[in-house]
Protein chains: 2
Amino acid sequence: MHTKEKIRLESTELFANLGYEGTSMAKIAEKVGIKKPSLYAHYKNKEALFFDVVDEMEQEYEAFVQDSLNQETDTIEERLYLSFKTHVSDLARDDASIQFYNRFIQYPPKELEDRLLARFNKSEERVRVLLAAVIEKGQAEGSINRELEAKSMAYTYFCLIEGLTTEVGIHSIEEVKAHAEVVWTVYWRGIQA
Amino acid sequence: MHTKEKIRLESTELFANLGYEGTSMAKIAEKVGIKKPSLYAHYKNKEALFFDVVDEMEQEYEAFVQDSLNQETDTIEERLYLSFKTHVSDLARDDASIQFYNRFIQYPPKELEDRLLARFNKSEERVRVLLAAVIEKGQAEGSINRELEAKSMAYTYFCLIEGLTTEVGIHSIEEVKAHAEVVWTVYWRGIQA
DNA sequence: GTCTATAAGAAGATAGAC
DNA sequence: GTCTATCTTCTTATAGAC
(Lines give C-alpha, C1' and ligand atoms only; values in the text may rest on other atoms or scores of the structure.)
Protein backbone atom coordinates (compact mmCIF):
# COMPACT_ATOMS: atom_id res chain seq x y z
CA MET A 1 0.00 0.00 0.00
CA HIS A 2 1.24 3.49 -0.82
CA THR A 3 2.09 5.66 2.14
CA LYS A 4 -0.58 8.21 1.27
CA GLU A 5 -3.29 5.55 1.30
CA LYS A 6 -2.09 4.31 4.65
CA ILE A 7 -2.15 7.84 6.04
CA ARG A 8 -5.74 8.24 4.88
CA LEU A 9 -6.74 4.87 6.32
CA GLU A 10 -5.21 5.37 9.75
CA SER A 11 -6.27 8.96 10.11
CA THR A 12 -9.86 8.06 9.25
CA GLU A 13 -9.94 5.74 12.24
CA LEU A 14 -8.26 8.23 14.53
CA PHE A 15 -10.49 11.13 13.51
CA ALA A 16 -13.58 8.91 13.91
CA ASN A 17 -12.57 7.79 17.39
CA LEU A 18 -10.87 10.82 18.84
CA GLY A 19 -12.31 13.75 16.89
CA TYR A 20 -10.42 16.46 15.05
CA GLU A 21 -8.74 18.14 18.00
CA GLY A 22 -8.18 14.78 19.69
CA THR A 23 -6.18 13.49 16.73
CA SER A 24 -2.67 14.88 16.52
CA MET A 25 -0.30 14.62 13.58
CA ALA A 26 2.05 12.76 15.92
CA LYS A 27 -0.54 10.03 16.60
CA ILE A 28 -1.25 9.66 12.90
CA ALA A 29 2.44 9.36 12.08
CA GLU A 30 2.92 6.77 14.79
CA LYS A 31 0.08 4.59 13.50
CA VAL A 32 1.33 4.88 9.93
CA GLY A 33 4.84 4.01 11.05
CA ILE A 34 6.61 7.13 9.87
CA LYS A 35 7.86 10.27 11.56
CA LYS A 36 5.64 13.28 11.93
CA PRO A 37 7.32 15.62 9.42
CA SER A 38 6.97 12.98 6.69
CA LEU A 39 3.22 13.57 6.72
CA TYR A 40 3.84 17.02 5.29
CA ALA A 41 5.38 15.49 2.18
CA HIS A 42 1.88 14.11 1.39
CA TYR A 43 -0.41 16.81 2.72
CA LYS A 44 0.06 20.54 3.02
CA ASN A 45 -1.35 20.53 6.56
CA LYS A 46 -3.78 18.81 8.94
CA GLU A 47 -6.79 20.46 7.34
CA ALA A 48 -5.95 19.21 3.86
CA LEU A 49 -5.52 15.69 5.23
CA PHE A 50 -8.85 15.89 7.01
CA PHE A 51 -10.75 17.04 3.93
CA ASP A 52 -9.20 14.30 1.86
CA VAL A 53 -10.72 11.84 4.33
CA VAL A 54 -14.04 13.68 4.16
CA ASP A 55 -14.15 13.24 0.39
CA GLU A 56 -13.63 9.53 0.65
CA MET A 57 -16.14 9.07 3.48
CA GLU A 58 -18.90 10.81 1.56
CA GLN A 59 -18.41 8.57 -1.42
CA GLU A 60 -18.32 5.47 0.76
CA TYR A 61 -21.44 6.40 2.66
CA GLU A 62 -23.47 7.03 -0.48
CA ALA A 63 -22.26 3.82 -2.06
CA PHE A 64 -23.15 1.94 1.12
CA VAL A 65 -26.73 3.25 1.15
CA GLN A 66 -27.14 2.51 -2.54
CA ASP A 67 -25.89 -1.06 -2.09
CA SER A 68 -28.08 -1.64 0.95
CA LEU A 69 -31.12 -0.60 -1.09
CA ASN A 70 -30.27 -2.70 -4.13
CA GLN A 71 -30.46 -6.08 -2.41
CA GLU A 72 -32.74 -8.69 -3.99
CA THR A 73 -36.07 -9.21 -2.19
CA ASP A 74 -39.64 -10.24 -2.97
CA THR A 75 -41.41 -7.22 -1.50
CA ILE A 76 -40.62 -3.57 -0.89
CA GLU A 77 -41.19 -4.15 2.82
CA GLU A 78 -38.45 -6.78 2.87
CA ARG A 79 -36.20 -4.52 0.83
CA LEU A 80 -36.58 -1.65 3.28
CA TYR A 81 -36.26 -3.95 6.27
CA LEU A 82 -33.11 -5.53 4.89
CA SER A 83 -31.61 -2.13 4.16
CA PHE A 84 -32.50 -1.01 7.67
CA LYS A 85 -30.88 -4.08 9.19
CA THR A 86 -27.80 -3.63 7.04
CA HIS A 87 -27.51 -0.08 8.30
CA VAL A 88 -27.80 -1.21 11.91
CA SER A 89 -25.31 -4.03 11.42
CA ASP A 90 -22.92 -1.50 10.01
CA LEU A 91 -23.29 0.69 13.07
CA ALA A 92 -22.58 -2.28 15.26
CA ARG A 93 -19.61 -3.28 13.09
CA ASP A 94 -17.74 -0.32 14.43
CA ASP A 95 -17.01 0.89 10.92
CA ALA A 96 -14.69 3.88 10.90
CA SER A 97 -16.19 5.45 7.79
CA ILE A 98 -19.74 5.49 9.16
CA GLN A 99 -18.54 6.76 12.52
CA PHE A 100 -16.46 9.43 10.87
CA TYR A 101 -19.41 10.60 8.84
CA ASN A 102 -21.77 10.68 11.81
CA ARG A 103 -19.36 12.37 14.14
CA PHE A 104 -18.48 15.30 11.92
CA ILE A 105 -21.93 15.85 10.50
CA GLN A 106 -23.04 16.60 14.04
CA TYR A 107 -20.00 18.13 15.62
CA PRO A 108 -17.77 19.75 13.05
CA PRO A 109 -14.74 21.59 14.37
CA LYS A 110 -15.77 25.24 14.58
CA GLU A 111 -13.14 26.52 12.15
CA LEU A 112 -14.17 23.99 9.46
CA GLU A 113 -17.91 24.11 10.10
CA ASP A 114 -19.10 26.02 7.04
CA ARG A 115 -17.17 24.01 4.52
CA LEU A 116 -18.11 20.69 6.14
CA LEU A 117 -21.84 21.32 6.45
CA ALA A 118 -22.15 22.48 2.86
CA ARG A 119 -20.73 19.14 1.77
CA PHE A 120 -22.73 16.96 4.14
CA ASN A 121 -26.00 18.67 3.27
CA LYS A 122 -25.67 17.75 -0.37
CA SER A 123 -24.65 14.22 0.47
CA GLU A 124 -27.63 13.67 2.80
CA GLU A 125 -30.01 14.93 0.17
CA ARG A 126 -28.66 12.51 -2.43
CA VAL A 127 -29.08 9.61 -0.03
CA ARG A 128 -32.62 10.60 0.89
CA VAL A 129 -33.55 10.67 -2.78
CA LEU A 130 -32.32 7.08 -3.17
CA LEU A 131 -34.54 5.87 -0.35
CA ALA A 132 -37.56 7.92 -1.41
CA ALA A 133 -37.44 6.21 -4.82
CA VAL A 134 -37.83 2.80 -3.16
CA ILE A 135 -40.64 4.07 -0.96
CA GLU A 136 -42.44 5.47 -3.99
CA LYS A 137 -42.23 2.05 -5.56
CA GLY A 138 -43.95 0.69 -2.45
CA GLN A 139 -46.64 3.32 -2.79
CA ALA A 140 -47.17 2.41 -6.44
CA GLU A 141 -47.42 -1.26 -5.49
CA GLY A 142 -49.93 -0.39 -2.78
CA SER A 143 -47.99 -1.67 0.22
CA ILE A 144 -47.07 1.77 1.54
CA ASN A 145 -49.41 4.55 2.61
CA ARG A 146 -50.17 7.02 -0.18
CA GLU A 147 -51.26 9.94 1.98
CA LEU A 148 -47.81 10.51 3.42
CA GLU A 149 -45.10 11.90 1.18
CA ALA A 150 -42.33 9.48 0.20
CA LYS A 151 -39.62 11.95 1.13
CA SER A 152 -41.20 12.51 4.54
CA MET A 153 -41.09 8.78 5.20
CA ALA A 154 -37.50 8.70 3.94
CA TYR A 155 -36.66 11.48 6.33
CA THR A 156 -38.16 9.59 9.26
CA TYR A 157 -36.18 6.51 8.29
CA PHE A 158 -32.88 8.36 8.46
CA CYS A 159 -34.01 10.05 11.62
CA LEU A 160 -34.38 6.62 13.26
CA ILE A 161 -31.04 5.46 11.88
CA GLU A 162 -29.42 8.54 13.33
CA GLY A 163 -31.17 7.95 16.64
CA LEU A 164 -29.90 4.37 16.72
CA THR A 165 -26.47 5.64 15.80
CA THR A 166 -26.55 7.81 18.88
CA GLU A 167 -27.35 4.78 21.00
CA VAL A 168 -24.41 2.77 19.73
CA GLY A 169 -22.04 4.67 21.97
CA ILE A 170 -24.14 4.09 25.06
CA HIS A 171 -25.53 0.58 24.77
CA SER A 172 -24.17 -2.80 23.79
CA ILE A 173 -24.41 -4.02 20.21
CA GLU A 174 -26.98 -6.62 21.24
CA GLU A 175 -29.18 -4.03 22.89
CA VAL A 176 -29.04 -1.73 19.88
CA LYS A 177 -29.91 -4.59 17.53
CA ALA A 178 -32.85 -5.57 19.72
CA HIS A 179 -33.98 -1.95 19.86
CA ALA A 180 -33.65 -1.71 16.10
CA GLU A 181 -36.20 -4.53 15.68
CA VAL A 182 -38.67 -2.68 17.84
CA VAL A 183 -38.01 0.57 16.05
CA TRP A 184 -38.56 -1.10 12.70
CA THR A 185 -41.91 -2.52 13.87
CA VAL A 186 -43.12 0.90 14.89
CA TYR A 187 -41.81 2.49 11.68
CA TRP A 188 -43.40 -0.07 9.39
CA ARG A 189 -46.72 0.22 11.19
CA GLY A 190 -46.34 3.96 10.65
CA ILE A 191 -45.84 3.87 6.89
CA GLN A 192 -47.71 0.79 5.71
CA ALA A 193 -50.87 1.20 3.64
CA MET B 1 -23.60 35.99 40.74
CA HIS B 2 -20.78 34.14 42.49
CA THR B 3 -17.70 33.53 40.39
CA LYS B 4 -18.05 29.77 40.63
CA GLU B 5 -21.57 29.90 39.21
CA LYS B 6 -20.41 32.08 36.38
CA ILE B 7 -17.59 29.66 35.61
CA ARG B 8 -20.09 26.79 35.44
CA LEU B 9 -22.44 28.78 33.24
CA GLU B 10 -19.86 29.96 30.72
CA SER B 11 -18.02 26.66 30.54
CA THR B 12 -21.28 24.79 29.90
CA GLU B 13 -21.79 26.84 26.79
CA LEU B 14 -18.19 26.49 25.66
CA PHE B 15 -18.09 22.73 26.24
CA ALA B 16 -21.42 22.32 24.42
CA ASN B 17 -20.26 24.33 21.40
CA LEU B 18 -16.60 23.49 21.14
CA GLY B 19 -16.27 20.11 22.85
CA TYR B 20 -13.90 19.14 25.63
CA GLU B 21 -10.62 19.46 23.76
CA GLY B 22 -11.89 22.52 21.91
CA THR B 23 -12.54 24.37 25.15
CA SER B 24 -9.42 25.70 26.84
CA MET B 25 -9.11 27.03 30.35
CA ALA B 26 -7.95 30.30 28.78
CA LYS B 27 -11.21 30.64 26.81
CA ILE B 28 -13.27 29.91 29.90
CA ALA B 29 -11.36 32.47 31.94
CA GLU B 30 -11.79 35.08 29.23
CA LYS B 31 -15.58 34.59 29.06
CA VAL B 32 -15.87 34.70 32.83
CA GLY B 33 -13.75 37.84 32.92
CA ILE B 34 -10.92 36.57 35.11
CA LYS B 35 -7.39 35.32 34.46
CA LYS B 36 -6.68 31.67 33.80
CA PRO B 37 -4.97 30.77 37.10
CA SER B 38 -7.97 32.10 39.06
CA LEU B 39 -10.02 29.16 37.77
CA TYR B 40 -7.84 26.86 39.86
CA ALA B 41 -9.02 28.57 43.04
CA HIS B 42 -12.49 27.11 42.30
CA TYR B 43 -11.68 23.80 40.64
CA LYS B 44 -8.78 21.44 41.10
CA ASN B 45 -8.40 21.00 37.33
CA LYS B 46 -10.26 20.99 34.00
CA GLU B 47 -11.69 17.53 34.62
CA ALA B 48 -13.25 18.50 37.94
CA LEU B 49 -14.82 21.55 36.33
CA PHE B 50 -16.20 19.43 33.49
CA PHE B 51 -17.79 16.87 35.81
CA ASP B 52 -19.38 19.60 37.87
CA VAL B 53 -21.11 20.72 34.69
CA VAL B 54 -22.07 17.12 33.90
CA ASP B 55 -23.82 16.81 37.27
CA GLU B 56 -25.89 19.89 36.66
CA MET B 57 -26.77 18.94 33.08
CA GLU B 58 -28.08 15.53 34.09
CA GLN B 59 -30.37 17.04 36.66
CA GLU B 60 -31.61 19.66 34.23
CA TYR B 61 -32.27 17.13 31.50
CA GLU B 62 -34.30 14.83 33.73
CA ALA B 63 -36.27 17.74 35.13
CA PHE B 64 -36.95 18.93 31.61
CA VAL B 65 -38.35 15.57 30.49
CA GLN B 66 -40.46 15.29 33.62
CA ASP B 67 -41.92 18.76 33.11
CA SER B 68 -42.61 18.12 29.43
CA LEU B 69 -44.60 15.01 30.37
CA ASN B 70 -46.58 16.65 33.14
CA GLN B 71 -48.37 19.20 30.98
CA GLU B 72 -52.17 19.28 31.22
CA THR B 73 -53.99 17.66 28.28
CA ASP B 74 -57.25 15.86 27.53
CA THR B 75 -55.80 12.72 26.00
CA ILE B 76 -52.60 10.70 26.27
CA GLU B 77 -52.00 11.28 22.58
CA GLU B 78 -52.02 15.04 23.12
CA ARG B 79 -49.80 14.65 26.16
CA LEU B 80 -47.20 12.70 24.20
CA TYR B 81 -47.46 15.00 21.23
CA LEU B 82 -47.03 18.07 23.41
CA SER B 83 -44.02 16.55 25.14
CA PHE B 84 -42.55 15.66 21.75
CA LYS B 85 -43.05 19.19 20.48
CA THR B 86 -41.57 20.64 23.65
CA HIS B 87 -38.51 18.48 23.13
CA VAL B 88 -38.15 19.64 19.54
CA SER B 89 -38.64 23.28 20.48
CA ASP B 90 -35.91 22.87 23.02
CA LEU B 91 -33.56 21.50 20.40
CA ALA B 92 -34.31 24.47 18.20
CA ARG B 93 -33.88 26.87 21.13
CA ASP B 94 -30.16 26.22 21.01
CA ASP B 95 -30.15 25.37 24.69
CA ALA B 96 -26.65 24.78 26.00
CA SER B 97 -27.69 22.15 28.56
CA ILE B 98 -29.43 19.92 26.00
CA GLN B 99 -26.59 20.32 23.54
CA PHE B 100 -24.05 19.55 26.22
CA TYR B 101 -25.88 16.40 27.18
CA ASN B 102 -26.26 15.20 23.62
CA ARG B 103 -22.72 15.94 22.60
CA PHE B 104 -21.00 14.08 25.39
CA ILE B 105 -23.36 11.14 25.50
CA GLN B 106 -22.25 10.39 21.96
CA TYR B 107 -18.70 11.57 21.85
CA PRO B 108 -17.13 11.49 25.27
CA PRO B 109 -13.45 12.41 25.43
CA LYS B 110 -11.58 9.11 25.44
CA GLU B 111 -9.93 9.58 28.81
CA LEU B 112 -13.27 10.34 30.53
CA GLU B 113 -15.37 7.83 28.58
CA ASP B 114 -15.97 5.19 31.25
CA ARG B 115 -17.01 7.57 33.99
CA LEU B 116 -19.24 9.58 31.66
CA LEU B 117 -21.10 6.66 30.11
CA ALA B 118 -21.84 5.08 33.47
CA ARG B 119 -23.56 8.30 34.50
CA PHE B 120 -25.45 8.86 31.26
CA ASN B 121 -26.71 5.29 31.14
CA LYS B 122 -28.44 5.64 34.47
CA SER B 123 -29.86 9.01 33.53
CA GLU B 124 -31.29 7.71 30.21
CA GLU B 125 -32.91 4.79 31.98
CA ARG B 126 -34.63 7.06 34.49
CA VAL B 127 -35.99 9.22 31.68
CA ARG B 128 -37.24 6.22 29.71
CA VAL B 129 -39.12 5.00 32.75
CA LEU B 130 -40.91 8.36 33.01
CA LEU B 131 -42.13 8.13 29.43
CA ALA B 132 -43.04 4.44 29.62
CA ALA B 133 -45.36 5.25 32.53
CA VAL B 134 -47.32 7.69 30.35
CA ILE B 135 -47.45 5.18 27.50
CA GLU B 136 -48.76 2.50 29.85
CA LYS B 137 -51.51 4.87 30.83
CA GLY B 138 -52.39 5.13 27.14
CA GLN B 139 -52.45 1.37 26.87
CA ALA B 140 -54.73 1.12 29.90
CA GLU B 141 -57.05 3.72 28.38
CA GLY B 142 -57.06 1.80 25.11
CA SER B 143 -55.60 4.50 22.87
CA ILE B 144 -52.20 2.84 22.51
CA ASN B 145 -51.41 -0.59 21.09
CA ARG B 146 -51.21 -3.29 23.76
CA GLU B 147 -49.15 -5.82 21.82
CA LEU B 148 -46.04 -3.66 21.85
CA GLU B 149 -44.19 -3.14 25.11
CA ALA B 150 -44.41 0.32 26.64
CA LYS B 151 -40.69 0.53 27.15
CA SER B 152 -40.06 -0.42 23.52
CA MET B 153 -42.28 2.43 22.40
CA ALA B 154 -40.52 4.73 24.85
CA TYR B 155 -37.23 3.66 23.37
CA THR B 156 -38.40 4.44 19.84
CA TYR B 157 -39.58 7.86 20.99
CA PHE B 158 -36.15 8.80 22.31
CA CYS B 159 -34.56 7.31 19.25
CA LEU B 160 -36.53 9.75 17.11
CA ILE B 161 -35.70 12.65 19.41
CA GLU B 162 -32.04 11.75 19.12
CA GLY B 163 -32.34 11.48 15.36
CA LEU B 164 -33.94 14.93 15.20
CA THR B 165 -31.23 16.21 17.50
CA THR B 166 -28.69 15.06 14.98
CA GLU B 167 -30.47 17.00 12.26
CA VAL B 168 -30.43 20.25 14.19
CA GLY B 169 -26.80 20.85 13.31
CA ILE B 170 -27.40 20.28 9.62
CA HIS B 171 -30.76 21.82 8.83
CA SER B 172 -32.55 25.02 9.71
CA ILE B 173 -34.85 25.19 12.73
CA GLU B 174 -37.87 25.49 10.44
CA GLU B 175 -36.91 22.37 8.52
CA VAL B 176 -36.38 20.36 11.69
CA LYS B 177 -39.73 21.47 13.10
CA ALA B 178 -41.45 20.50 9.86
CA HIS B 179 -39.68 17.16 9.88
CA ALA B 180 -40.68 16.64 13.49
CA GLU B 181 -44.37 16.87 12.52
CA VAL B 182 -43.91 14.18 9.91
CA VAL B 183 -41.94 12.03 12.30
CA TRP B 184 -44.64 12.35 14.91
CA THR B 185 -47.31 11.29 12.41
CA VAL B 186 -45.38 8.14 11.55
CA TYR B 187 -44.65 7.42 15.22
CA TRP B 188 -48.22 7.83 16.36
CA ARG B 189 -49.50 5.62 13.54
CA GLY B 190 -46.93 3.13 14.74
CA ILE B 191 -48.03 2.97 18.37
CA GLN B 192 -51.73 3.73 18.29
CA ALA B 193 -54.23 0.98 19.11
C1' DG C 1 10.15 10.73 0.63
C1' DT C 2 11.97 10.22 4.95
C1' DC C 3 14.69 11.67 8.44
C1' DT C 4 16.71 14.84 12.74
C1' DA C 5 16.46 19.13 14.72
C1' DT C 6 13.96 22.92 15.86
C1' DA C 7 11.00 26.70 15.85
C1' DA C 8 6.76 29.07 17.60
C1' DG C 9 2.87 28.86 19.97
C1' DA C 10 -0.91 27.05 22.98
C1' DA C 11 -2.23 23.83 26.35
C1' DG C 12 -2.85 22.52 31.53
C1' DA C 13 -1.16 23.57 35.79
C1' DT C 14 1.68 25.70 39.87
C1' DA C 15 4.38 29.28 42.87
C1' DG C 16 4.06 32.94 45.33
C1' DA C 17 2.93 38.13 45.87
C1' DC C 18 -0.99 40.93 47.17
C1' DG D 1 -9.63 35.02 45.40
C1' DT D 2 -7.14 37.13 41.97
C1' DC D 3 -3.14 38.35 39.99
C1' DT D 4 1.85 38.00 37.29
C1' DA D 5 5.30 35.02 36.10
C1' DT D 6 6.73 30.66 35.00
C1' DC D 7 7.13 25.55 34.01
C1' DT D 8 6.25 21.60 31.31
C1' DT D 9 4.35 19.38 27.78
C1' DC D 10 2.15 19.03 23.56
C1' DT D 11 0.65 21.08 19.38
C1' DT D 12 1.25 22.34 14.17
C1' DA D 13 4.61 23.24 11.07
C1' DT D 14 9.32 24.19 8.74
C1' DA D 15 14.51 23.82 7.51
C1' DG D 16 17.64 21.29 5.62
C1' DA D 17 20.58 16.84 5.40
C1' DC D 18 20.39 12.28 3.08
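Computed from a predicted structure; not experimentally measured. Naming: A, B, ... by sequence-line order, numbering from 1 per chain.
With sequence neighbours excluded, no residue forms a salt bridge (Lys or Arg N to Asp or Glu O under 4.0 Å) with E149(B). For the side-chain hydrogen bond (donor to acceptor under 3.5 Å, both in side chains) test, no residue two or more places apart in sequence or in another chain qualifies with S24(A). Under the side-chain hydrogen bond (donor to acceptor under 3.5 Å, both in side chains) criterion, E125(B) pairs with R128(B), sequence neighbours left out. Not counting sequence neighbours, the partners of W184(B) by the ring pair (Phe, Tyr, Trp, His ring centres under 6.0 Å) test are Y81(B), F84(B), Y187(B).
Of all the residues in residues 3-25 of chain B, T3(B) reach under 4.0 Å from DNA chain D with at least one non-hydrogen atom. Residues of residues 33-50 of chain B that place a heavy atom closer than 4.0 Å to DNA chain D, in numerical order, are I34(B), K35(B), P37(B), S38(B), A41(B), H42(B).
Residue pairs satisfying the ring-ring contact (aromatic ring centres under 6.0 Å, His included) criterion with at least one member in residues 19-41 of chain A, sequence neighbours excluded, are listed as follows: F15(A)-Y20(A), Y20(A)-F50(A). Counting only residues at least two apart or on different chains, no ring-ring contact (aromatic ring centres under 6.0 Å, His included) pair has a member in residues 121-154 of chain B. Note on residues 36-45 of chain A: no pairs pass salt bridge (Lys or Arg N to Asp or Glu O under 4.0 Å), not counting sequence neighbours. Applying the side-chain hydrogen bond (donor to acceptor under 3.5 Å, both in side chains) test to every pair with at least one member in residues 151-168 of chain B, sequence neighbours left out, gives these pairs: H179(A)-Y155(B), S83(B)-Y157(B), E167(B)-H171(B).
Salt-bridge annotation for E13(B) and K31(B): present, with a side-chain N of the basic residue lying under 4.0 Å from a carboxylate O of the acidic one.
Distance CD1 (I28(B)) to C1' (dA13(C)): 14 Å, rounded to an integer number of Å.
Other residues sharing a hydrophobic cluster with Y107(B) under the 4.5 Å side-chain heavy-atom criterion for ILVMFWY residues are Y107(A).
The strand DNA chain D forms stems, runs of 3 or more Watson-Crick or G-U wobble pairs with distances below 3.5 Å, at C:1-10 with D:9-18, C:12-18 with D:1-7.
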